[in-house]
Number of protein chains: 2
Amino acid sequence: MNLKELSQNLGLSQTTVSRALNGYPEVSPTTRRRVEEAARTFNYSPSTRAKGLATGQALAIGHVIPLSSKHEMVNPIFGDFIAGAGETYARHGYEMILSIVDDASERRIYEGLKSRRAVDGVVVHGPRMDDPRIGLLQALELPFAVHGRASGYGKPYAWLDVNNRSAFKRAADFLFDLGHRRIALINGLEVMDFAHRRRDGYTASLQSHGIDPDPALMRSGEMTEVFGYQSTRDMLKPDNAPTAILCSSLISALGVRRAIEEKGLTMGKDVSVITHDDALSYLQNGGDVPIFTATRSSVRDAGRQLAEMLLNAIADPHMTPQTQLLEAELMVGSSTGPAPRKD
Amino acid sequence: MNLKELSQNLGLSQTTVSRALNGYPEVSPTTRRRVEEAARTFNYSPSTRAKGLATGQALAIGHVIPLSSKHEMVNPIFGDFIAGAGETYARHGYEMILSIVDDASERRIYEGLKSRRAVDGVVVHGPRMDDPRIGLLQALELPFAVHGRASGYGKPYAWLDVNNRSAFKRAADFLFDLGHRRIALINGLEVMDFAHRRRDGYTASLQSHGIDPDPALMRSGEMTEVFGYQSTRDMLKPDNAPTAILCSSLISALGVRRAIEEKGLTMGKDVSVITHDDALSYLQNGGDVPIFTATRSSVRDAGRQLAEMLLNAIADPHMTPQTQLLEAELMVGSSTGPAPRKD
DNA sequence: AGGGAAATCCAAAGCGCTTTGGGAATTGCG
DNA sequence: CGCAATTCCCAAAGCGCTTTGGATTTCCCT
């Protein structure tokens, strides 16, 4: 069923039917109702392609997900982020189109989306330090919004980020208050902008407490369970093992806990752990009482909001880029406690 | 830059340029080369919408991801599956469009995709027992392929599935061979078809060893870490605790291990564990030696292949539906060992 | 009753592409 | 050299929608 057939069926012109369906005022309430009802019974919706062609809009947003080329790792937060963004799109009648792409071909993908006019805008995932994509997208004049930020890029652009620096500073401060002095950091890859900022917050806290960061207590890698486990096992070996660990991901934190318990130590007593928690739907941090003390910020909310920002920017292209900084909340669980006394 | 401009620029008709670009034979090699070069320098690609409108194809595949309405849980395997499917689409010039949707509105989404002619086909995720979506899609005449199967549906349809039944039967058999007699099952939600089949395999193995399934040793729920932990903790309490546990997901298995170790027991010695492993990129089962003995099947491969099947079905609509049954491999890790002797 | 404003509706152009149905130029062959 | 067969290219229609620029009808006031 298409517009032509529907309008013939109703004895109206295509114009009138189209206007009735799109809420234009120059249609009497009676006809509008008649048209809407017919559309429903014939199960008619306008063809996306034809509509897009006629209006010049794509009514679609592109998400380009980078695939870490080394380990072929798909970021585990991406499912929940997408779920949030998808909600927003659905509400506004937009479609989400997805490309998962290794770093090498990313540029070509953006150019393709632009020249094929496949999307009205894109969301940039996983920004790195000095990420070249932002410059590229501005040059292409393709509207975009970044989940995270790219330190080192000069001009303004739309982004939404967790305040990673303050979250990790606050977490480290919290550990200092509990009496910890040797605090380790198990971080994501530090080419990633978020990891860099977390490290910044961590070192800032150390320094404000008069402690020099010890390279032996800082690890950086892809945030798997095994990575958390191995890093922790290594660090717990020497005499001056850390009494507390700051961890960048709940998945790695599971490995941290495993290494601690394997050593016969108790988490929250012998070694305190704070992790960042993206509030992923399939990885809840315990039940009512969180297992891990965590800096928490829902990545699904982030998806919802960033999508909203991008749609705004598309609706009004002359707007100055919106930005939004979310503060993570510190949720105290049972994985932290006072630093053990040295005997 | 559009076709018209490009063809004017070249002093050719739109027809010729279009044909040159699409590989039609009635264009001289010289002109073809000239056209291709011009397209490259002007960075021209045909508009997806216009092309789609003209050809009647969408050049897009829809993925409708169900959001477990109760816990709002996004299936953690979905990122890797999508990554695999996306590879196939990219190779064939297709786009992937995504909707994440709660069960209630799923029907409307499929109908919408169909009536808006937004996609050429869809992939069905997370089929349940007697899943109504399959009948719906056949009625809509929208080509589709299912990741998994729906027991209880009569007519043939395209699917790709892991042989869950044989995998879990084999895993249980393996445990029997090691001398285990009390084997527990920590399963996904048993409305999900895959979970049902796994249970089938499990009970088949028990019965073939002359053992009646004990409801006290069978749990079913959403496969979180906490679910694995709590189920295991509960089951390890009574005197006749299981000596082995079959687990449906690596994430839950992490919880299983935690509960075991918390009890002061050793996994692989006091309690053996076998888990299913979807080979997710962010959840590797250890390094060279797997931590968990596991039935393993890459969900990313599944994505690649299912996408291929769907594209075939779209290319030739009269083909009888393809199906594919993948066998999981049993990888022996350090989480299994001989049943502890009763003293 | 008569005039203009308001309310309704419509025909046709245009969005950017593919494709049908030729037409003109070139080639091959007797 | 002449004619048919190729080769190469083109004009125009059509995909399903929106939107411009009227045309017609109804309504309200004086």
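Chain A is the first sequence line, chain B the second, and so forth, proteins listed ahead of strands; every chain is numbered from 1.
As a whole-Å value, the separation of B/Glu26 CD from C/dT26 C1' is 17 Å. Here D/dT19 presents its P atom at 13 Å from CG of A/Leu21, a figure rounded to the nearest Å. Remark: P of C/dC17 and CG of B/Leu12 are 15 Å apart, rounded to the nearest angstrom. Atom-to-atom, CD of A/Glu5 to C1' of D/dG14 comes out at 15 Å; the value is rounded to the nearest Å. Atom NZ in B/Lys51 sits roughly 22 Å away from atom P in D/dG14 (whole-Å rounding). Between the CD atom of B/Gln14 and the C1' atom of C/dG16 there is a distance of 8 Å, rounded to whole Å.
In this structure, of C/dC17, D/dC9, C/dC9, it is C/dC17 that holds the atom nearest to the side chain of B/Asn2. Nearest nucleotide to the side chain of B/Ala50, out of C/dG16, D/dC8, C/dC15: C/dG16. You'll find that the side chain of B/Arg19 is closest to C/dT20, out of C/dT20, C/dT18, C/dC9. Nearest nucleotide to the side chain of A/Tyr44, out of D/dC9, D/dC17, C/dC17: D/dC17. Nearest to the side chain of A/Leu53, among D/dC17, D/dG16, C/dT18, sits D/dG16.
Positionally, the nearest nucleotide of DNA chain C for B/Arg49 lies more toward the 5' end than for the other of B/Tyr24 and B/Arg49.
OP1 or OP2 of D/dC10 sits under 4.0 Å from a side-chain N or O of B/Ser13.
By the neighbour-count criterion of 12 heavy atoms within 6.0 Å, atom CD of B/Glu26 is densely surrounded, having more than that number from other residues, nucleotides or ligands.
Partner B/His125 forms a side-chain hydrogen bond (donor to acceptor under 3.5 Å, both in side chains) with one of B/Arg133, B/His147, B/His63 and no other, that one being B/His63.
A distance of 8.5 Å separates CD in A/Gln305 from OG1 in A/Thr88, rounded to the nearest 0.5 Å. The CE atom of B/Met96 sits 5.0 Å away from atom CD1 of A/Ile100, with the distance rounded to the nearest 0.5 Å.
No hydrogens or angles were tested; on distance alone, a donor-acceptor pair under 3.5 Å links the side chain of B/Thr15 to the base of C/dT19.
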